[in-house]
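To start, the structure under review is shown below, and the notes come after it.
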There are 4 protein chains.
Amino acid sequence: MATITTPAKSEKPNGFPAENQKQQIMKALVYHGAGKKSWEEKPKPVIKEPTDVVVKISKTTICGTDLHILKGDVPTVTDGRIIGHEGVGIIDEIGTAVTNFKKGDHVLISCITACGKCEFCKKAMYSHCANGGWILGNTIDGTQAEFVRIPFADNSLYPIPEGADEEALVMLSDILPTGFECGVLSGQVKPGDTVAIIGSGPIGLAALLTAQFYTPAEIIMIDQDDNRLNVAKTFGATHIINSGNVNAVEKVMSLTNGKGVDVAIEAVGVPPTFEICQAIIGAGGHIANIGVHGKSVPLHLETLWSRNISITTRLVDTVSTPMLFKTVQAGKLEPKKLITHHFKLDEIVAAYDTFGNAAKEKALKVILTNE
Amino acid sequence: MATITTPAKSEKPNGFPAENQKQQIMKALVYHGAGKKSWEEKPKPVIKEPTDVVVKISKTTICGTDLHILKGDVPTVTDGRIIGHEGVGIIDEIGTAVTNFKKGDHVLISCITACGKCEFCKKAMYSHCANGGWILGNTIDGTQAEFVRIPFADNSLYPIPEGADEEALVMLSDILPTGFECGVLSGQVKPGDTVAIIGSGPIGLAALLTAQFYTPAEIIMIDQDDNRLNVAKTFGATHIINSGNVNAVEKVMSLTNGKGVDVAIEAVGVPPTFEICQAIIGAGGHIANIGVHGKSVPLHLETLWSRNISITTRLVDTVSTPMLFKTVQAGKLEPKKLITHHFKLDEIVAAYDTFGNAAKEKALKVILTNE
Amino acid sequence: MATITTPAKSEKPNGFPAENQKQQIMKALVYHGAGKKSWEEKPKPVIKEPTDVVVKISKTTICGTDLHILKGDVPTVTDGRIIGHEGVGIIDEIGTAVTNFKKGDHVLISCITACGKCEFCKKAMYSHCANGGWILGNTIDGTQAEFVRIPFADNSLYPIPEGADEEALVMLSDILPTGFECGVLSGQVKPGDTVAIIGSGPIGLAALLTAQFYTPAEIIMIDQDDNRLNVAKTFGATHIINSGNVNAVEKVMSLTNGKGVDVAIEAVGVPPTFEICQAIIGAGGHIANIGVHGKSVPLHLETLWSRNISITTRLVDTVSTPMLFKTVQAGKLEPKKLITHHFKLDEIVAAYDTFGNAAKEKALKVILTNE
Amino acid sequence: MATITTPAKSEKPNGFPAENQKQQIMKALVYHGAGKKSWEEKPKPVIKEPTDVVVKISKTTICGTDLHILKGDVPTVTDGRIIGHEGVGIIDEIGTAVTNFKKGDHVLISCITACGKCEFCKKAMYSHCANGGWILGNTIDGTQAEFVRIPFADNSLYPIPEGADEEALVMLSDILPTGFECGVLSGQVKPGDTVAIIGSGPIGLAALLTAQFYTPAEIIMIDQDDNRLNVAKTFGATHIINSGNVNAVEKVMSLTNGKGVDVAIEAVGVPPTFEICQAIIGAGGHIANIGVHGKSVPLHLETLWSRNISITTRLVDTVSTPMLFKTVQAGKLEPKKLITHHFKLDEIVAAYDTFGNAAKEKALKVILTNE
């Protein structure tokens, strides 16, 4: 990280004099319109509000959403944005109103920024925070960088206990709370249930790992990639179905003696997988959508109207992060299982190549280390 | 009701000797294929199983579902079926295994027959009872008759307390538990909520009456019939919208300052009304479907995936019937408000004419009395 | 309110220069040890933290807890403390980190101060906030004064909409959320229930008003003061029992045909009333304690062990305040009913005399206006 | 089992002619007043109601409650009663109204008899069934016999799938649903929780096994018997405390950094263990009582009133039995772990000696096989 003496920015936050401050430079992955990204120099972020901190990234990762962004599918992300919304690091600078943390603290960054004081935050619906929500690597600069500014730090960071495994915890920024809250919690998984998860990518596998918190009797994993299905088997799936080879609906109905499943978790985000959910859901069951959908799907009310089912959608709130921490510390959840590849942070372009060819590379989550 | 001596039926239920029994005749409304019905003579029903009773109907009514049946839309209903699934009456004959009731008891008939001992009944999902469910006036003869056989009487009838208003209670056979369970309970109406009900027919009005059990701040009623909307106003709606005259979605969004509603209850059963629900639901809200749908509806996952909503479907279980009884007896619920017309039971064909022209006749529920 | 030039305090909060500031004087009700209080001059509070505001009190009231404090029963309250934890007012000064409000805003003060960012606040258990909780008029100066400093204002104040009735809203600082959360919510009052409330003072009456949000069939009010019972009757109680004249347990068991009640709410705080709750609770029922108890009570596990009941305790979290606002604005809740007497703020000592002789004076809540 | 020709009983149930029936004789464990029991001849039970079955016992066991009965502590049990309320067997005779089962079916007997049609059964509170509840081996003859009559068989028996392990399933008659429903469900155990279980006997261990359905982070087991604590360790306890050697309250508070536990499960039934629960419960926590108590316990409302806790009591409803079956079949629950000793059924007096000296014999559950 180089340092350049620059004139003060005109924007001068409350009580944080920038006069004579040397603007510092860091490296970051920057989006430059559909299909264009580069690992380049950007100003190191500074504290703007008393509730901000700046975190020096130790480890970060790449999310399927980042691939969508790079394709140009997420219009809120504009040219020049540093992307990334996951990571762990060390607090490098701290605003005057932050009280839960101090400089030097080791922290987990939540993918969801929560002000803690708007109508939605008071209802623990942080995903819809009036002043935050999913903004990191979206409407403000994100974590695929040497440093990142985190607004509302008291409500958007979590302390990492001494001795904890950093890599494992990177999985708690997004993927595990997402699989758990949007899939398992909304799907109301109960002991003895039969659960189907459609999509055995990182998010589906996160749902698979956390569904086991509630001891379902059976977890049926459906995907078209044998490698990912085999991973699912080692993660606790009791049945795997390659829907590219067999009729997944018939197979599930046969496994359940025609009753269908108690919970169907959609972890892909396209119409055909949501159709499977509707076809296999049992009377009284729950369809929990995790997938990010780009188009509408026929809802078969002509058959479902009398089936006493629920369908839920959810953007992760990360309200379960403290609980997930406890289960990791207690050895009940092993997030590290989801990590397949490691890179240095400045090799991030190569890491994107690997993650972008997940099937071929047998990639789940990659870890990028800022050394 | 005439009486004819007939030879015993070959079907001889456990311990109920039919030898030398005189087959008795009654009058009933019989379905004879799409568009054809008649008020005609049929054998008076007899006890077939020790858990049966035969009820002499005092009062019954007509449901929107009966209109669908008569159009030929319900393939499970076949030529010769006596229709109707609502009513009150007096126990006329009683099976040996029935213990909650005795001959002469005054009872309410539930539209849902529950065996009380299958997997679904044990979960209080009586609608999906393996041995019952919605069978009355569907797969077995129903209540638009002088007498009706009720299987599993202990779990399918409710005692009517002395002095109670029979007419009011007819509304508890189907319409009030349906509006309450499928709309209000599944929609999770809470104190202070803003609720929209799309459809101000008898079911929508039942949802309106019972939503008030939970003291929502606002109830917005949407329909295309000014008369029904005006009725809704007198039943407690705080706002009414004629969606034939104004853009209902825009109006609701304006009333809610762009936030949308906490609960949207669909009480019609066609795609346009379900579309309204999707367009007006607020983040974190609940869409509760009551309507009987004949075709699929586009589900707008491209916008809803991140809205943290639930959509529910339900065939009524009538688990709330005992509670509804209590609220009626306590004067907290006035089901009688829903009754607009009275007929004698043998005028049922005329009653169908009135009910079938509900808008013109300003009809909600009609009462048919067996004198 | 006089003004005296004083040297700056040595304690100088972030960015709030006190140099040359004139210390201002106000009047307040000050506790001076058991049995001693006076309306006297105190320094006007100033902003200490960027999350503070100073509120100019418009209206405040007296709580039963204040009487306990004055008797010396609350050891955390020390000599010199300004008491009071309820009120409405206008924001007079505002810290730099407060974003939900601005100077001049009309606000309701919650009796519970919530930081919004500790472990308990994140679980919406504000009562146990690590940095707040019930501190106003307890461990920091309170609201029975011309001005009060409110810490963590964004999470501890609520905006008062234009045109709202200030007096009514004073009841939302403490008494209504307390009756609702500790009594009604914890007691799980449901439509059709039979509820008993033991204690017809302000808190019991608040429970009575808010229990009706859930449309119980019957609410039995028990007290020893006929006036308060008659008030309860006008507030919606279906039965009243003067336990000084009749055996309340026998009377309740007779009213419920020996079954007992679904919910028993204890709103007094002494062993005999908690004993009544245990004696009248039906199988499967809920005992919700609101009362502040000074000693232990025998728990009759020898009979209750097999009765499938719950007993709950709770210090109010005031999480329901936004909902209560909505029901007041919608005309579903009329808090003003609880107000019996009015005083000017500087007549507070007389107001205490009235409130301290509640039975004789037929006093419920008194309103003190800062003119 | 011998056979004697006897005159018909005068009591002649519906449609079940006893004329000329030979009364059959079996052996059974009979209670003859405090301290007196014998293994003796009794008439083999017969069908009395059309909803009855007679089961030939294959395996049964002894419950702590049976020891209380034998001491004379349970006044509803009178001289001549066959005791026992757990077991599996084969249906030997079947009433005409039983439809879920047929003669020869292999069944699990629930300790709770449910009519399926009273007010309580309809609420799934089978423990309080108006016509059943805990009657086996209490007010009607029980399962420590060669045969037992089971009333309301459709709702009181569960089918045993082919190939299932009978011995393991005997644990599902009482002990596992009791530990689960009264302890784990009522205690609301959640992922990441810290749970304490006071009492490491069979019921406490059943709570320990089933608490793990919800993946708590820590389970602290407290008892005074090192052997039982060591068993608990092998069953999944993360910490064990011998309260005979150390101050259990201090130890728990130290383990939880002074916060106390999220859930405290009482599985003994005496005042000192309930006192421990009150002393270690954290703010917002749940005390779930399983123990059968003979006297009242001081409830420390003087400290608990503001702690936002719940205390629950419950007689098992056995509503969770179908779920427990599924988890056993799925290999998620291993009830067999609880079995330490085996006897033939006619060695039952010796089995009582072993079970009655549980500490010395290191006995948990004994299996009695009817060969």
Side-chain angles (χ1 to χ4, degrees), chain B residues 124 158-159 161-162 164 172 176-177 179-181 183-185 187-195 206-220 236-239 255-257 259 261-263 282 284 318-335, chain C residues 124 158-159 161-162 164 172 176-177 179-181 183-185 187-195 206-220 236-239 255-257 259 261-263 282 284 318-335:
Chain B
Y158 296 89
E162 205 159 337
L172 268 65
L176 279 162
F180 178 67
E181 295 178 12
V184 177
L185 266 194
Q188 301 176 43
V189 175
K190 294 183 307 298
D193 272 1
T194 298
V195 176
L208 170 59
L209 288 175
T210 55
Q212 294 171 71
F213 285 167
Y214 296 100
T215 317
E218 290 171 338
I219 310 181
I220 304 165
T238 57
H239 301 81
L255 282 170
T256 58
N257 298 316
K259 287 184 185 178
V261 299
D262 297 302
V263 184
T318 66
V319 285
S320 63
T321 308
M323 179 280 282
L324 292 169
F325 254 101
K326 288 183 194 166
T327 56
V328 171
Q329 285 177 260
K332 309 290 183 187
L333 176 66
E334 294 178 72
Chain C
Y158 295 90
E162 205 158 335
L172 268 66
L176 279 162
F180 178 67
E181 295 177 13
V184 177
L185 266 194
Q188 302 177 43
V189 175
K190 293 183 307 299
D193 271 0
T194 298
V195 177
L208 170 60
L209 288 175
T210 55
Q212 294 171 71
F213 286 167
Y214 296 99
T215 317
E218 290 172 339
I219 310 181
I220 303 165
T238 57
H239 301 82
L255 283 170
T256 57
N257 298 316
K259 288 185 185 176
V261 299
D262 298 301
V263 183
T318 66
V319 284
S320 63
T321 308
M323 178 281 281
L324 292 168
F325 254 103
K326 288 182 195 167
T327 56
V328 171
Q329 285 176 262
K332 309 290 183 187
L333 176 66
E334 295 178 72

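Numbers restart at 1 for each chain; the letters A, B, ... are given by sequence-line order, proteins then strands.
- Interface with chain C: from residues 325-333 of chain B, residues Lys326(B), Thr327(B), Ala330(B), Lys332(B) qualify, criterion being any non-hydrogen pair under 4.5 Å.
- Neither the backbone nor the side chain of Pro322(B) has a heavy atom closer than 4.5 Å to any heavy atom of chain C.
- In this structure, Tyr214(C) OH and Lys190(B) NZ are separated by 9.0 Å, a value rounded to the nearest 0.5 Å.
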